[in-house]
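In what follows, a structure is listed as structure tokens, so that the remarks can point back to it.
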Amino acid sequence: KSKVIATSTKICYGLPDRSDDLVDDIVEDMVENGQDGVLITDLEKVGEVAVRVAQAIYDSRRDIKATPSRGEIGELLDNCVLCGSCDKSCPNDLSIMKSMEEAKEGDFEKLANLYLDHCIGCGRCDEACPNDVHIMKVMEKAAEKKVKKEKYKIRVGRGPIRDTEIRDVGAPIVMGEIPGVIGMVGCSNYPDAPKGFREPLYRLAKEMAERNYIITLTGCHAMDVAFLENEDGETIYEEFSGAFNAGGVVNCGSCVSNAHISGVPIKIANIYARMGLRGNYKEIADYILNRVGAVGVSWGAMSQKAVSIANGFQRLGVPVILGPRSSLYGRSLMGRRDKPKLWKTRNKRKPEEGEYMIAPGPEHLVYYAESPEELLVKSAKLCIRPADTDAGRQIKLTHYIDLYNKYFNGEYPPDLYMFVRREHDVPIKYRTEVMKMLEEDPRWEKGKFGGGQPTILSEKEIEEGLGKVV
Ligand code: SF4
Ligand code: SF4
């Protein structure tokens with residue numbers, strides 16, 4: 001029913017190459033002679049052919065509906081024999097068969113809610129059905145009216161973060177004065193939550209933006225935070241600025257715009273620290289791991305693509321927090337904070353001085369949070385970096401302590417002693433109490449390394465030039 005124009009020889013699906021043919025001939029073949037797909041590598045020609053073909057087939061496509069009619073739905077439902085194969089195949093354990101049974105009796109409510117609130121659109125139920133019932137189509141039809149009424153305000157996806165913005169925030173991020181960048185990306189396989197399954201994401205974005213973290217979002221996460229409003233009826237995009245700066249909430253675009261988020265720490269290394277980009281992955285990842293307070297959150301990661309993206313981030317030195325449902329992937333990268341001897345860096349400026357002990361920050365590279373509260377606290381904690389200045393560490397610890405207090409019974413984090421290098425790291429409002437606690441704690445090691453140019457590159461690598469400060 002649709003016409004396809006491939007524009008790259010890399011993905012052309014074996015379509016006939018019409019790049020050298022006349023536009024009139026291509027249009028005629030596609031409209032009149034049943035040619036459904038072509039490859040055209042000349043982009044000027046693509047533009048003209050696409051517009052002319054779309055105009056020519058508009059009338060014939062007007063009545064085509066993406067969802068089936070009531071009659072077609074009835075036929076599909078008649079084919080359902082309530083075997084339960086769909087239930088067994090669903091990664092979210094949804095009660096599809098029961099909802100189909102009610103739909104057979106004319107009640108589509110359950111099926112609609114399944115689609116709107118829980119289904120992630122993976123299509124496994126369709127594949128599993130022995131009677132070829134297009135279950136997703138039935139669900140879409142059941143939810144059609146509700147979907148049409150769904151309205152929310154979202155700031156348009158803005159694409160990459162500009163170099164000029166990076167110049168403004170590079171220093172405060174590396175020093176720790178902007179406490180961190182939270183990149184919220186990935187699918188919508190969220191666990192249920194008492195105030196709705198989207199609420200934890202909204203709470204994270206809002207609470208951290210209020211605390212001057214920079215929030216960057218893409219895809220489902222960018223859309224889902226827009227469903228909720230504050231007490232003044234504003235969505236998060238109306239409440240916070242869209243600038244890439246402290247307290248900004250930035251929609252970068254669809255989930256393929258994740259590269260714009262991972263581009264941020266790379267640009268910081270390139271623009272702020274003047275590191276070369278070509279063939280320099282190791283040095284840049286080392287820089288990000290040790291100096292750029294950033295964390296990726298994928299609360300509903302379910303696809304292989306989402307998990308690959310998470311791994312792409314952690315390879316770059318950005319720790320990633322995944323939601324509980326993602327734990328089915330079974331791969332985490334947890335730090336051993338119980339082994340303090342593993343947590344060491346060198347100072348790039350003085351590699352000859354050997355290794356220094358540091359706090360375990362970031363503690364993990366891939367971590368599964370089990371609750372929204374843990375997600376919030378861990379997001380603040382995983383932004384801690386060895387390069388934080390005293391002022392920066394104070395700011396980060398303020399948020400870590402505040403959030404821990406708020407969500408875990410008004411107590412101090414039990415691992416606080418690991419992250420305080422010296423008295424000036426402790427937020428002033430907590431200083432007296434925390435210092436008293438630490439002085440009495442035999443586990444506290446004063447004077448851990450911090451600030452400066454921390455690196456985990458070897459002395460040889462630093463000497464040879466990799467990681468050399470220019
Ligand atoms: S797998 Fe198909 S036939 Fe079996 S219960 Fe589900 S929809 Fe019905
Ligand atoms: S498409 Fe939805 S209902 Fe079907 S298996 Fe996937 S999550 Fe379950």
Side-chain angles (χ1 to χ4, degrees), residues 65-150 184-193 196-201 218-225 227 254-256 297-310 322-330 368 370 372:
K65 292 242 176 342
T67 50
S69 66
R70 281 273 167 194
E72 287 166 324
I73 288 290
E75 279 172 34
L76 289 171
L77 286 170
D78 285 346
N79 287 340
C80 173
V81 291
L82 302 176
C83 68
S85 301
C86 44
D87 280 14
K88 286 184 202 141
S89 70
C90 178
N92 279 357
D93 288 333
L94 302 181
S95 306
I96 311 166
M97 188 189 76
K98 184 87 190 106
S99 311
M100 292 293 274
E101 192 175 7
E102 290 188 18
K104 274 159 108 48
E105 285 155 19
D107 182 357
F108 287 84
E109 187 68 14
K110 235 184 204 155
L111 215 47
N113 289 341
L114 215 61
Y115 181 73
L116 287 171
D117 293 347
H118 303 286
C119 172
I120 51 171
C122 68
R124 287 189 204 169
C125 50
D126 269 14
E127 275 174 35
C129 179
N131 279 8
D132 219 12
V133 178
H134 299 300
I135 302 167
M136 288 183 64
K137 277 207 179 310
V138 182
M139 287 198 292
E140 273 168 35
K141 184 71 186 171
E144 192 177 25
K145 278 195 191 137
K146 288 188 177 178
V147 170
K148 279 186 178 159
K149 280 190 198 147
E150 232 174 31
M184 298 172 64
V185 308
C187 342
S188 55
N189 189 13
Y190 313 129
D192 278 334
F197 61 93
R198 293 187 180 101
E199 189 274 339
L201 276 185
T218 60
C220 294
H221 283 33
M223 292 185 279
D224 283 325
V225 295
F227 273 83
S254 73
C255 57
V256 290
V297 170
S298 194
W299 190 234
M302 69 90 189
S303 65
Q304 286 85 345
K305 184 187 83 170
V307 172
S308 308
I309 291 166
L322 299 167
R325 285 186 170 172
S326 316
S327 61
L328 289 174
Y329 283 99
Y368 299 99
E370 289 185 3

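Counting from 1, the numbers follow the sequence of the chain as shown. Both ligands and their constituent atoms are indexed starting at 1 by order of listing. When reading the values below, keep in mind they use all heavy atoms of this one structure, side chains included, and skip hydrogens, waters and symmetry mates.
- Taking 4.0 Å as the cut-off, Gly123 counts as a neighbour of ligand 2 on heavy-atom distance.
- The ligand atoms of ligand 1 that sit less than 4.0 angstrom from a heavy atom of Cys86 are 1 (S), 5 (S), 6 (Fe).
- The atoms of ligand 1 that sit less than 4.0 Å from any heavy atom of Leu82 are 5 (S), 8 (Fe).
- Between the CD atom of Glu140 and the OH atom of Tyr115 there is a distance of 4.0 Å, given to the nearest 0.5 Å.
- Of all atoms in ligand 2, listed by their number and element, those nearer than 4.0 Å to a heavy atom of Pro91 are 5 (S).
- Contact annotation: the side chain of Cys90 approaches that of Ile96 to within less than 4.5 Å [non-hydrogen atoms, C-beta and beyond].
- In summary, the atoms of ligand 1 found under 4.0 Å from a heavy atom of Met97, numbered by their order in the structure, are 5 (S).
- Here is the list of ligand 2 atoms found below 4.0 Å of a heavy atom in Ile96: 3 (S).
- Listed by number with element, the atoms of ligand 1 under 4.0 Å from a non-hydrogen atom of Ile135 are 7 (S).
- Below 4.0 Å from some heavy atom of Cys125 lie the following atoms of ligand 2, by number and element: 1 (S), 3 (S), 4 (Fe), 5 (S).
- Of all the atoms in ligand 1, the ones that sit under 4.0 Å from a non-hydrogen atom of Pro130 are 1 (S).
- Panel note: side chain Asn92, backbone Ile120; no donor-acceptor pair is recorded below 3.5 Å.
- In this structure, Met139 has a heavy atom closer than 4.0 Å to ligand 2.
- Close approach of ligand 1 to Cys129 (heavy-atom distance below 4.0 Å) involves ligand atoms 1 (S), 2 (Fe), 3 (S).
- Taking a cut-off of under 4.0 Å to the non-hydrogen atoms of Met136, the atoms of ligand 2 that pass are 1 (S).
- Taking every non-hydrogen atom of Val81 and a distance limit under 4.0 Å, the qualifying atoms of ligand 1 come out as 3 (S), 8 (Fe).
- When non-hydrogen atoms are compared, ligand 2 lies under 4.0 Å from neither the backbone nor the side chain of Asn92.
- Protein heavy atom in closest approach to atom 2 (Fe) of ligand 2: Cys119 SG, 2.4 Å.
- Assignment of Ala128 to the shell around ligand 1 is not supported, since no heavy atom sits closer than 4.0 Å.
- In this structure, the side chains of His221 and Val185 stay at 4.5 Å or more apart for every pair of heavy atoms.
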Please determine whether salt bridge (charged side-chain N to carboxylate O under 4.0 Å, His left out) holds for the pair Glu150 and Lys146, giving the CA-CA distance in whole Å, both sets of side-chain angles, and the decisive distance to 0.1 Å. CA-CA 6 Å; Glu150 232 174 31; Lys146 288 188 177 178; over 6 Å; no
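- Residue Cys90 approaches ligand 2 through these ligand atoms, each under 4.0 Å from one of its heavy atoms: 5 (S), 7 (S), 8 (Fe).
- Within the 3.5 Å criterion, the main-chain N or O of Ser99 finds no donor-acceptor partner in the side chain of Glu102.
- Less than 4.0 angstrom separates some heavy atom of Gly84 from each of these atoms of ligand 1: 4 (Fe), 5 (S).
- Protein heavy atom closest to atom 6 (Fe) of ligand 2, with residue, atom name and distance, is Cys122 SG, 2.3 Å.
- Although no hydrogens or angles enter the test, the distance criterion places no donor-acceptor pair under 3.5 Å between the side chain of Asp87 and the main chain of Ser95.
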